[in-house]
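The shown structure was predicted, so the numbers you read here are calculated from the model rather than taken from an experiment.
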Amino acid sequence: MSAITQAIHGKLEGDTELTGMLATYQGRPAIFTFEPVPEDAIRPYIIAAGHVSDNYEGISTKTRAGRDILRDIRCYVDRGDMARVEDIAERVRQLFHRGSLEITGWKTVRVNASGPTIGTPEDTAHGLIVTISFTIQEG
């Protein structure tokens, strides 16, 4: 797992309010940083896998590399439990919006969150997406 993924996962898993809303998988909160999610995973769970975009232009300086990153954090619950997915997604947003993100080897310049927005509909699940955007420079 990359340092960025570790930081995002750690922030999610470290919040007891959020983890109390999630199912567990193999004894840990159901927060996945890979896809596909294991077939035996039960909802509610979160998927925080991969960047939506990762831009270097205009962020790097002569002495430091920089990155401007967007990542979707997707929250899923069983169909019929829309209030729960809204609560989960709002908590994710609260954790990241204008917060900190400690990434090994990087200095975080800013962190914002937008959403939640509706996710891709599934026959058996509701999903909402919180998009986090953050700018980092080599530290």
Side-chain angles (χ1 to χ4, degrees):
M1 185 179 324
S2 74
I4 294 168
T5 298
Q6 286 176 347
I8 292 168
H9 184 270
K11 189 162 189 93
L12 294 167
E13 191 174 68
D15 185 73
T16 56
E17 184 177 338
L18 176 64
T19 58
M21 294 186 238
L22 302 175
T24 59
Y25 184 75
Q26 295 183 348
R28 297 183 72 177
I31 301 168
F32 300 98
T33 56
F34 57 86
E35 292 186 275
V37 170
E39 289 184 22
D40 60 341
I42 58 170
R43 292 181 287 264
Y45 58 67
I46 291 174
I47 304 172
H51 303 324
V52 173
S53 70
D54 189 345
N55 183 11
Y56 293 82
E57 290 185 35
I59 309 302
S60 297
T61 66
K62 288 182 180 181
T63 58
R64 285 186 171 176
R67 298 166 75 173
D68 197 16
I69 298 171
L70 289 176
R71 184 177 286 210
D72 285 344
I73 299 178
R74 293 171 287 153
C75 309
Y76 292 98
V77 298
D78 290 334
R79 182 147 304 276
D81 203 357
M82 194 64 186
R84 180 181 274 187
V85 76
E86 288 175 343
D87 290 344
I88 293 167
E90 285 295 337
R91 183 65 189 156
V92 169
R93 185 182 191 287
Q94 289 171 359
L95 285 174
F96 287 95
H97 189 60
R98 296 186 177 171
S100 64
L101 189 59
E102 302 298 323
I103 304 169
T104 302
W106 296 90
K107 175 187 172 212
T108 302
V109 176
R110 67 159 185 88
V111 181
N112 288 315
S114 62
T117 58
I118 197 76
T120 305
E122 295 183 11
D123 291 340
T124 61
H126 290 299
L128 291 175
I129 299 169
V130 175
T131 301
I132 59 171
S133 61
F134 52 99
T135 302
I136 56 177
Q137 290 182 327
E138 285 182 332

Does [X] have any side chain to side chain donor-acceptor pair (under 3.5 Å) partners at least two apart in sequence or in another chain, and if so, which?
X: Thr117; answer: none
X: Arg71; answer: Thr5, His51
X: His126; answer: Arg79
X: Glu138; answer: none

Can you measure from [atom1] ([X]) to [atom2] ([Y]) and round to the nearest 0.5 angstrom?
X: Ile47; Y: Ile31; atom1: CD1; atom2: CD1; result: 12.0 Å
X: Arg67; Y: Ile136; atom1: CZ; atom2: CD1; result: 5.0 Å
X: Glu13; Y: Thr33; atom1: CD; atom2: OG1; result: 10.0 Å
X: Phe134; Y: Trp106; atom1: CZ; atom2: CH2; result: 10.0 Å

Candidate pair Gln26 and Asp40, rule side-chain contact (heavy atoms from CB on, under 4.5 Å), full reasoning: CA-CA 10 Å; Gln26 295 183 348; Asp40 60 341; 5.6 Å; no

Taking every non-hydrogen atom, the tightest pair across Ile129 and Gly119: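 Closest heavy-atom pair between Ile129 and Gly119: CD1-CA, 3.8 Å.
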
Just distance, no hydrogens or angles: give the donor-acceptor pairs under 3.5 Å from side chains in residues 81-90, sequence neighbours left out.
none

Same cluster (ILVMFWY, side-chain, under 4.5 Å), Tyr45 and Leu95: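 In one cluster: no.
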
Ile118 reachable from Tyr76 in the ILVMFWY side-chain graph, under 4.5 Å edges: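 Tyr76 and Ile118: separate clusters.
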
Distance-only criterion, 3.5 Å: show the donor-acceptor pairs between side-chain atoms of residues 98-105 and protein atoms not counting sequence neighbours.
none

Between Arg28 and Thr19, a side-chain donor and acceptor under 3.5 Å: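 No donor-acceptor contact under 3.5 Å links the two side chains.
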
Verdict with supporting geometry, Leu128 and Val92, side-chain contact (heavy atoms from CB on, under 4.5 Å): CA-CA 11 Å; Leu128 291 175; Val92 169; over 6 Å; no

Derivation of the side-chain contact (heavy atoms from CB on, under 4.5 Å) call for Phe96 and Leu12: CA-CA 9 Å; Phe96 287 95; Leu12 294 167; 3.6 Å; yes

